[in-house]
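Here is the structure we will look at.
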Amino acid sequence: ELVTGIDMPQQPVSALREEMERKIAALSASPKIVVFGCECAALWIWHPDVEALALTQAAGEWLDPLPQQPAFGLEQLRTVIQPRHLTGRVHDGFLDQLNACGCVVAAGLWDSLNDRPLGLLGIGKRKDDEVFDEHDLEILALSAHQAAAMLLAMRQIETLRGVPQRLLEA
């Protein structure tokens with residue numbers, strides 16, 4: 001398993017590249033896939049009490065400032081449950097706004113058990129300037145599912161942390 005230089009800051013990039021190439025060469029399965037990062041990404045979390053998204057995290061340099069609390073309702077969020085390309089297409093207001101900021105792919109974070117939104121992930125262009133293809137979108141869908149599972153687990157942990165206080169107050 002490869003790890004990034006971020007996880008191991010003492011390892012130079014050249015050593016990381018050599019290790020990656022050596023491990024790829026040793027793989028017998030096909031196809032051999034290497035995933036590299038994107039220029040920028042952003043995460044909006046769904047707040048059910050106000051039925052709105054709010055920008056939580058953003059990384060990288062976007063073309064325009066990202067919307068903090070976009071006007072994007074539940075039904076529009078349903079349109080991106082599966083990742084989709086934003087460039088070269090006309091969308092409703094919020095997705096057009098994301099595209100103008102430099103977002104090329106959007107993926108919804110969805111609680112499929114309760115059929116409710118958790119958030120939205122926006123991805124900027126790839127570092128290698130290639131277009132995100134269908135395989136990339138499949139990987140993004142898996143990442144979105146993992147992120148959704150993590151958000152659900154974090155919410156459950158926060159709920160459980162409040163139990164002792166509620167017991168004391170009861």
Side-chain angles (χ1 to χ4, degrees), residues 1-21 23-24 31-47 50 52-74 76-111 117-155 158:
E1 177 181 330
L2 291 175
V3 292
T4 66
I6 294 168
D7 295 328
M8 298 184 341
Q10 74 279 8
Q11 185 174 19
V13 173
S14 59
L16 183 61
R17 180 180 298 279
E18 289 171 11
E19 179 182 355
M20 176 192 70
E21 290 171 351
K23 289 187 177 185
I24 289 172
K32 298 176 182 182
I33 298 173
V34 177
V35 178
F36 292 99
C38 57
E39 286 289 327
C40 42
L43 175 66
W44 289 266
I45 297 294
W46 180 260
H47 295 274
V50 293
L53 290 167
L55 183 64
T56 305
Q57 290 289 334
E61 293 184 29
W62 294 89
L63 298 176
D64 288 328
L66 292 167
Q68 296 294 313
Q69 288 188 299
F72 196 65
L74 178 59
Q76 290 115 337
L77 196 51
R78 284 185 188 282
T79 67
V80 289
I81 289 175
Q82 290 301 314
R84 63 191 259 196
H85 287 278
L86 301 184
T87 51
R89 299 182 182 165
V90 176
H91 307 280
D92 44 29
F94 176 58
L95 294 179
D96 285 333
Q97 189 178 5
L98 284 184
N99 194 5
C101 294
C103 184
V104 297
V105 176
L109 306 179
W110 204 262
D111 175 357
L118 297 169
L120 179 73
L121 182 61
I123 305 291
K125 67 177 185 157
R126 286 174 46 154
K127 285 190 175 195
D128 60 8
D129 288 327
E130 292 290 323
V131 175
F132 286 97
D133 63 20
E134 293 307 311
H135 294 292
D136 294 325
L137 294 182
E138 289 175 19
I139 292 169
L140 183 55
L142 293 171
S143 299
H145 289 300
Q146 290 295 320
M150 190 167 59
L151 284 171
L152 285 170
M154 289 170 50
R155 287 184 178 171
E158 287 302 313

Check your understanding: What heavy-atom pair brings L120 and A106 nearest, and what distance separates the two atoms?
Key -> CD1-CB, 4.3 Å
Check your understanding: Under the side-chain contact (heavy atoms from CB on, under 4.5 Å) test, which residues partner H145, sequence neighbours left out?
Key -> Q82
Check your understanding: Do you know the tightest heavy-atom contact between C40 and E61?
Key -> SG-O, 3.9 Å
Point to revise | side-chain contact (heavy atoms from CB on, under 4.5 Å) against I45, all qualifying residues, sequence neighbours excluded | key: L43, H47, T56, L151, R155
Practice item. Determine the minimum heavy-atom distance between L63 and A100, stating which atoms define it. Key: CB-O, 3.9 Å
Revision key, fill the gap. Sorted by chain and number, sequence neighbours left out, side-chain contact (heavy atoms from CB on, under 4.5 Å) with L142 holds for none
Point to revise | Inter-residue atom distance C101.SG - D96.CG, 0.5 Å rounding | key: 11.0 Å
**Study point:** Minimum heavy-atom distance between A42 and L55, given as atom pair plus value
**Key:** CB-CD1, 4.1 Å
Practice item. List the atom of A144, the atom of L109, and the distance in Å for their closest heavy-atom pair. Key: O-CD2, 3.3 Å
**Study point:** Any W44 side-chain heavy atom under 4.5 Å of L98 side chain
**Key:** yes
Point to revise | Minimum heavy-atom distance between L66 and A58, given as atom pair plus value | key: CD1-CB, 3.7 Å
